[in-house]
Amino acid sequence: MTAPDRLTPGDPAPDFTLPTDTGETLSRAALRGRRVILYAYPAAMTPGCTKQACDFRDSLASLQAAGYEVVGISPDQPAKLAKFRERDAITFPLVADVDKAVLTAYGAFGEKQSYGRTVTGVIRSTFVIDPDGKIEHAFYNVKATGHVAKLRRDLGLD
């Protein structure tokens, strides 16, 4: 496997319809007309992913006040996402991409470096999607800790 194709500003955001942590489905089409922060993370209930989710949760009101919706995406099963939501009081949708097709379409699944080794997995990434469904920003290989604060600065919110 080679490095995934990466999205760049102006690219159309790949469509999806995926199950959520609540047992419903969420589609890219349902989010049209809104600014969306879609962030990809490797695994629910791990330390880094928990820190990142809680940072988004704690910033959600101000992100929403600035016109952004937040959605998390991982290859976890919906039941695990529900436990994650309940355990950490996550207040935004978490979607399950079990077959990793959507993560791959966003360039957030493929070869990456982990502790000096090349491995295949989820590439921690964040995508800002405009109301017309185009990529405004695509951030790859982001850090779990401090990413939300950096994103807020990049978006001019702080």
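This chain uses plain numbering: 1 for the first residue, then up along the sequence. Values below: all heavy atoms of this structure, side chains included; hydrogens, waters and symmetry mates excluded. Everything numeric in this text was worked out from a predicted model, so none of it was measured.
In this structure, the separation between CD1 on I129 and CD1 on I135 is 5.0 Å, given to the nearest 0.5 Å. Note that the CG atom of D88 and the SG atom of C49 stand 11.0 Å from one another [nearest 0.5 Å].
A donor and an acceptor atom, one from each side chain of R85 and T91, are nowhere located under 3.5 Å apart.
Comment: D15 does not engage R28 in a salt bridge, judged by the lack of any side-chain N to carboxylate O separation of less than 4.0 angstrom.
With V95 as the partner, the side chain to side chain contact (heavy atoms under 4.5 Å, CB included) test is satisfied by one option alone out of V102, L81, I73: I73. Each of D55, L60, V142, D58 was compared with V148 under the side chain to side chain contact (heavy atoms under 4.5 Å, CB included) criterion, and only D55 meets it.
Centroid-to-centroid, the aromatic rings of Y140 and F127 come within less than 6.0 Å.
By the 4.5 Å heavy-atom criterion applied to side chains, K143 and K150 are not counted as neighbours. In this structure, the side chains of K134 and D11 stay at 4.5 Å or more apart for every pair of heavy atoms. Inter-residue side-chain proximity for V71 and F92 is flagged as unmet; no heavy-atom pair is nearer than 4.5 Å. Within the 4.5 Å cutoff, the side chain of L31 has heavy atoms near those of the L26 side chain.
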Checking side-chain contact (heavy atoms from CB on, under 4.5 Å) for the pair D76/Y41: CA distance, chi angles, key distance, verdict?
CA-CA 10 Å; D76 294 306; Y41 61 98; 4.1 Å; yes
R152 and S62: CA distance, side-chain angles, deciding distance, side-chain hydrogen bond (donor to acceptor under 3.5 Å, both in side chains) verdict:
CA-CA 10 Å; R152 293 177 56 78; S62 63; 2.7 Å; yes
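S125 places a side-chain N or O within 3.5 Å of a backbone atom of I123 that can act as its donor or acceptor partner.
Around NZ of K83, the count of heavy atoms belonging to other residues, nucleotides or ligands within 6.0 Å does not exceed 12.
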